[in-house]
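Accompanying notes for the structure given below.
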Amino acid sequence: MTNDIYGPFPGGPDWLAALTDRQRSRYEQLGTNLEVVERRIVDACAAAGRKREDVTLVVVTKTYPAEDTALLAGLGVTDVAENRDQDAAPKAETCLELPLTWHFVGQLQTNKVRSVVRYADLVHSVDRARLVESLAAAVAKAERAPLGCLVQVALDKADGEGEHRAGVAPSEVAALADRIADTPGLRLDGVMTVAPLAGPLAGDPAAAFARFAEIASAVRASHPAATMVSAGMSGDLEQAIAAGATHVRVGTAVLGVRSPLG
């Protein structure tokens with residue numbers, strides 16, 4: 001397999017030999033960071049009595065170049081995430097031949113939907129009926145396979161906080177999940193959240209993710225195939241795994257501190 005970044009790919013002595021000194025240095029840095037994150041996941045799974053294979057690491061590559069995405073694939077990363085279509089679309093096109101699953105995790109405007117469905121395998125940020133309709137229409141027009149969708153849950157909205165934050169209140173999750181499940185072209189895969197910044201659960205990710213686990217369980221009771229529980233980032237992946245997260249979205253701990261524009 002080849003791509004426009006390094007030639008022979010993924011991995012292998014020919015590919016590694018083609019790296020410049022700068023690329024090799026970045027490759028080694030990313031590898032070291034991945035080893036640290038992997039150890040954290042392994043330890044968190046052991047502490048929770050879970051199998052390591054039950055948790056998928058999704059590396060959030062936003063603000064970083066396609067070159068880093070290719071290096072990550074060479075290091076064995078299988079899942080990457082982006083949050084802005086204007087950055088994600090050209091990056092996904094550049095990395096088209098790499099063995100990657102693409103997750104869209106940012107707030108999604110309806111005018112970006114047609115572009116996102118061209119490359120995204122899953123959208124974690126479904127939070128309104130209008131977006132469900134737009135995604136379904138775009139999938140039908142693209143004549144692609146069903147798009148995996150997660151309901152984004154805003155835990156702080158349960159307490160009247162976070163009015164302008166993305167996500168639906170816990171009380172609205174069931175209805176939106178039903179709508180996704182009943183919409184042709186879309187596949188309800190589960191739920192997603194971010195530890196809240198306001199309300200009684202702010203600053204307590206363990207409690208926040210425990211509450212989220214209850215919501216995820218309720219969705220699975222109605223939709224048994226919706227098993228994805230997307231929660232946890234660089235600073236709180238352990239608490240998320242303890243609460244049952246199946247996918248952790250890690251960026252900074254792998255790629256480094258992002259630029260202020262990220």
Side-chain angles (χ1 to χ4, degrees), residues 40-41 44-45 48 50 54-60 62 79-84 103-108 120-129 131-132 135 148-181 186-223 225-253:
R40 289 176 62 189
I41 294 174
C45 287
R50 302 180 62 193
D54 292 341
V55 178
T56 298
L57 169 63
V58 181
V59 179
V60 183
K62 65 179 185 180
D79 292 72
V80 295
E82 291 284 328
N83 74 331
R84 295 192 298 196
H103 302 247
F104 190 86
V105 298
Q107 190 167 10
L108 181 54
D121 297 290
L122 300 102
V123 174
H124 290 228
S125 47
V126 181
D127 61 357
R128 58 198 187 279
L131 181 56
V132 172
L135 286 168
C149 293
L150 283 73
V151 177
Q152 182 173 357
V153 184
L155 294 168
D156 43 6
K157 288 185 177 179
D159 303 289
E161 303 284 353
E163 179 180 352
H164 301 294
R165 292 191 70 188
V168 298
S171 61
E172 301 172 356
V173 171
L176 188 57
D178 288 345
R179 187 165 192 136
I180 294 169
L186 305 185
R187 184 183 67 243
L188 176 65
D189 282 349
V191 290
M192 182 272 266
T193 199
V194 177
L197 300 175
L201 296 176
D204 189 351
F209 294 141
R211 172 67 184 109
F212 182 57
E214 296 173 353
I215 295 169
S217 180
V219 170
R220 283 197 306 276
S222 298
H223 305 280
T227 57
M228 281 186 63
V229 181
S230 175
M233 298 188 290
S234 293
D236 53 23
L237 67 86
E238 286 85 0
Q239 293 93 330
I241 290 173
T246 64
H247 290 67
V248 292
R249 310 178 308 273
V250 179
T252 301

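Counting begins at 1 with the first residue of the sequence. Computed from heavy atoms alone, side chains included, the values below leave out hydrogens, waters and symmetry copies.
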For [X] and [Y], which heavy atoms make the closest approach, and how far apart are they?
X	Y	value
P196	L155	CD-CD1, 4.1 Å
C45	V55	SG-CG2, 3.7 Å
V219	A177	CG1-CB, 4.4 Å
V132	R179	CG1-CG, 4.2 Å
R220	A226	CG-O, 3.0 Å
A120	F104	CB-CB, 4.3 Å

Nearest 0.5 Å please: distance from the [atom1] atom of [X] over to the [atom2] atom of [Y].
X	Y	atom1	atom2	answer
L176	L188	CG	CG	8.5 Å
H124	H103	NE2	NE2	5.0 Å
I41	L57	CD1	CG	4.5 Å
C149	I180	SG	CD1	5.5 Å
L237	H247	CG	NE2	14.5 Å
D236	D204	CG	CG	11.0 Å

Side chains of [X] and [Y], heavy atoms from C-beta outward: is any pair under 4.5 Å?
X	Y	answer
V58	V105	no
T227	T246	no
V151	E172	no
S125	Q107	no

| message | Pairing donors with acceptors under 3.5 angstrom, does anything connect the side chains of D178 and H223? | response | yes
Is it the case that the side chain of [X] and the backbone of [Y] share a donor-acceptor pair, with hydrogens and angles ignored and the cut-off at 3.5 Å?
X	Y	answer
R50	A245	yes
R249	S230	yes
S234	V250	no
K157	G167	yes

| request: Go through F209 and T193 one step at a time and tell me if the side-chain contact (heavy atoms from CB on, under 4.5 Å) criterion holds. | output: CA-CA 8 Å; F209 294 141; T193 199; 4.1 Å; yes
